[in-house]
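It should be emphasised that the depicted structure is a prediction, and the values quoted were computed from it without experimental measurement.
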Amino acid sequence: MKKIAKNFFVLAVGALVAVSMTSCHSKHEAAPAPAVKVTSVDIATTTPKTLIVTVSENLPLGATLKYNGATATSVSGKVYTFENVADGKNVVLTGGSVIDQNVKVDFAGKTLVAIDLTVRTLNAGVTISGGSDASTSDTYLSAQSNVTIPAALTYALNSKQLALTLYSKAAPLQKVVEGKTYAPASLSLDCKPEGATFNPAVEVVTDLPGAENTDVFVQNAAGTEKPECTFSGTKLTAKMPHFSVWDIIMNVKVTKVTASTEDLSTGSLISGRNKISYAEKAGFETRETGIIKTTISSLFGSELKSSNKSIEYDMTGTGTYRVYQDVQVVEMQSGQRTFSFKLYGAIHMDVTSDPAQTEPTKPVVPTHSGGSND
């Protein structure tokens, strides 16, 4: 008898569980929310591209600035704006007495690119006078260079005039890669006349504000010669055996990249044609000055610029849009110095369509593996 009672109790509990499960499944479940559709719109390839070139000084007589062989759409002071341009073409500065600059521009997912371009007129130079020392100097970007020619120096010159021109050399914009080390020509010294030789080597001293405790050295433009250099405070001294174009290089390493996005415009869309306006940004923002700021510019373009843009979008139904831009906060190190900047990147647009409501929402009738429905 005890064994039968025990089995009855187990069966009774099992029956209660079965009833409870059937009761739970018998109720109507709430309908899931209609799916929301998000569409990415490729505005980087469909929106006209704009290039902004900011020059360091007014162009001298006879000098021209062109992109893809065309002059600027508009000029405002030292800012040259080229509208509706093609990707992957070259900015060319030439003519007059300027140092030629030629650099390719890749838009890389953007419709706005901004670069800074140094306009430097070659110096007339300083004549070497016998019996006494002579020097020549030039100033640009808060940096000063000078060379002293001892009177007893043996030299080979086509002319007895020497000239130094310090400038920032244009270079293609780089992509930020965490962990990568870059070695841009932050500044260049055009020492004239080309090929002048000195025995012993002359000392060229360049004052580089902001370069304290950084990793800086000098090499020729071809990268095949590195003159002996010493660095004291902001003073870089290079012993040059001959005159040529010498690049002042700063080694910098990307130690950390923090990626995010920044909204440029958001709003509602109606059925039909919609006009969407926004201000795209290009370039970088930083608190740094001097050669560090110049180095960032040589790698990643101009200081922050913006351009007003608008597009038209045909919508079926209603919804919302978001135009936004990639943003990177980049931390770098050179020698013992660390610094950071904010860099604007590719532009995007997302469209969210409102769910279609063609009929009233009905409850979903659940399916069962057992039990019954009320």
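Within the 4.5 Å cutoff, the side chain of Arg322 has heavy atoms near those of the Thr261 side chain. A heavy-atom distance below 4.5 Å is not found between the side chains of Ser268 and Thr318. The shortest side-chain heavy-atom distance between Thr46 and Ile311 does not fall under the 4.5 Å cut-off. Within the 4.5 Å cutoff, no side-chain heavy atoms of Lys256 are placed close to those of Val329. Using a 4.5 Å cut-off on side-chain heavy atoms (C-beta onward), Asp106 and Asp87 make contact. With a 4.5 Å cut-off on side-chain heavy atoms, Ile347 and Leu264 count as touching. A heavy-atom distance below 4.5 Å is found between the side chains of Leu166 and Ile248. You'll find the side chain of Pro60 reaches within 4.5 Å of the side chain of Val119, heavy atoms only.
Among all heavy-atom pairs drawn from Pro184 and Val252, the shortest one is CD-CG2, 4.3 Å. When all heavy atoms of Lys78 and Ser56 are compared, the closest pair comes out as NZ-O, 3.5 Å. In plain terms, the two heavy atoms of Gly95 and Asp100 that are nearest each other are N-OD1, 3.9 Å. The two residues Ser297 and Asp116 make their nearest non-hydrogen contact at OG-OD2, 3.6 Å. Across all their heavy atoms, Tyr278 and Ser265 have their closest contact at CB-CB, 3.8 Å. The shortest non-hydrogen separation linking Tyr67 to Ala86 is OH-O, 2.7 Å.
Both Val254 and Met250 are members of a single hydrophobic cluster when ILVMFWY side chains are connected at heavy-atom separations under 4.5 Å. Taking hydrophobic clusters as Ile, Leu, Val, Met, Phe, Trp and Tyr residues chained together by side-chain heavy-atom distances below 4.5 Å, Met332 shares a cluster with Val176. Both Val91 and Val98 belong to a common hydrophobic cluster when Ile, Leu, Val, Met, Phe, Trp and Tyr are linked at side-chain heavy-atom distances under 4.5 angstrom. Hydrophobic clustering keeps Val53 apart from Tyr344 (ILVMFWY residues linked when any side-chain heavy atoms are closer than 4.5 Å, directly or through intermediates). Under a hydrophobic-cluster definition in which Ile, Leu, Val, Met, Phe, Trp and Tyr are linked whenever side-chain heavy atoms come within less than 4.5 Å, directly or via other members, Val85 and Val55 are assigned to the same cluster.
Considering only residues two or more places apart in sequence or on other chains, Lys253 meets the side chain to side chain contact (heavy atoms under 4.5 Å, CB included) condition with Thr181. Residues passing the side chain to side chain contact (heavy atoms under 4.5 Å, CB included) test with Val41 are Ile43, Tyr313, Met349, Val351, sequence neighbours excluded. Residues passing the side chain to side chain contact (heavy atoms under 4.5 Å, CB included) test with Ala108, sequence neighbours excluded: Lys110. Partners of Lys89 according to the salt bridge (Lys or Arg N to Asp or Glu O under 4.0 Å) rule, which considers only residues two or more places apart in sequence or in another chain, do not exist here.
Looking only at atom types and distance, the side chain of Thr224 has a donor-acceptor partner in the side chain of Asn220 under 3.5 Å away. For Asn251 and Ser334, the side-chain atoms include no donor-acceptor pair closer than 3.5 Å. In summary, the side chains of Thr71 and Tyr80 do not present any donor paired with an acceptor at a separation below 3.5 Å, with no hydrogens or angles considered.
Between the OG atom of Ser298 and the NZ atom of Lys293 there is a distance of 13.0 Å, given to the nearest 0.5 Å. The NZ atom of Lys309 sits 8.5 Å away from atom NZ of Lys49, with the distance rounded to the nearest 0.5 Å. Atom NZ of Lys175 sits about 9.5 Å away from atom OH of Tyr182, to the nearest 0.5 Å. The line from CG of Asp350 to OG of Ser40 is 4.0 Å long, rounded to the nearest 0.5 Å. For the atom pair Lys305 NZ and Ile115 CD1, the distance stands at 10.5 Å (nearest 0.5 Å). Here CD of Glu303 is found 9.5 Å from CD1 of Ile296. Values are rounded to the nearest 0.5 Å.
Checked by atom type and distance alone, the side chain of Asn213 never pairs as donor or acceptor with a backbone atom of Ala211 at under 3.5 Å. Side chain of Gln101 to backbone of Ser168: a donor-acceptor contact under 3.5 angstrom is found. Not one N or O on the side chain of Gln219 forms a donor-acceptor pair closer than 3.5 Å with the backbone of Ala221. A donor-acceptor pair is defined here as one N or O able to donate and one able to accept, closer than 3.5 Å; no such pair exists between the side chain of Ser188 and the backbone of Lys169. Side chain of Ser186 to main chain of Thr294: no donor-acceptor pair is present (N/O by atom type, distance under 3.5 Å, no hydrogens or angles). In this structure a side-chain-to-backbone donor-acceptor pair under 3.5 Å is present from Thr286 to Ser340.
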- Message: Working note: Tyr167 + Val245, criterion side-chain contact (heavy atoms from CB on, under 4.5 Å); need CA distance, chi angles, decisive distance, verdict.
- Response: CA-CA 11 Å; Tyr167 68 105; Val245 176; 4.0 Å; yes
- Hey, mind stepping through Asn308 and Ser277 against side-chain contact (heavy atoms from CB on, under 4.5 Å) and telling me if it holds? CA-CA 7 Å; Asn308 293 325; Ser277 299; over 6 Å; no
- Begin from the C-alpha positions of Ile276 and Val323 and carry the test side-chain contact (heavy atoms from CB on, under 4.5 Å) through to its verdict. CA-CA 9 Å; Ile276 300 171; Val323 179; 4.0 Å; yes
- Message: I'd like to know whether Thr338 forms a side-chain contact (heavy atoms from CB on, under 4.5 Å) with Glu331, so could you lay out the CA-CA distance, the side-chain angles of the two residues, the decisive distance to 0.1 Å, and finally the verdict.
- Response: CA-CA 7 Å; Thr338 59; Glu331 297 179 24; over 6 Å; no
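With side-chain heavy atoms closer than 4.5 Å counting as contact, directly or through intermediates, the hydrophobic cluster containing Ile249 also holds Phe217.
Sorted by first and then second residue, the pairs that involve residues 278-292 and meet salt bridge (Lys or Arg N to Asp or Glu O under 4.0 Å), not counting sequence neighbours, are Glu262-Lys281, Glu288-Arg337.
Of the options Val103, Leu59, Thr118, Asn102, a side chain to side chain contact (heavy atoms under 4.5 Å, CB included) to Leu93 is made by Leu59 and by none of the others.
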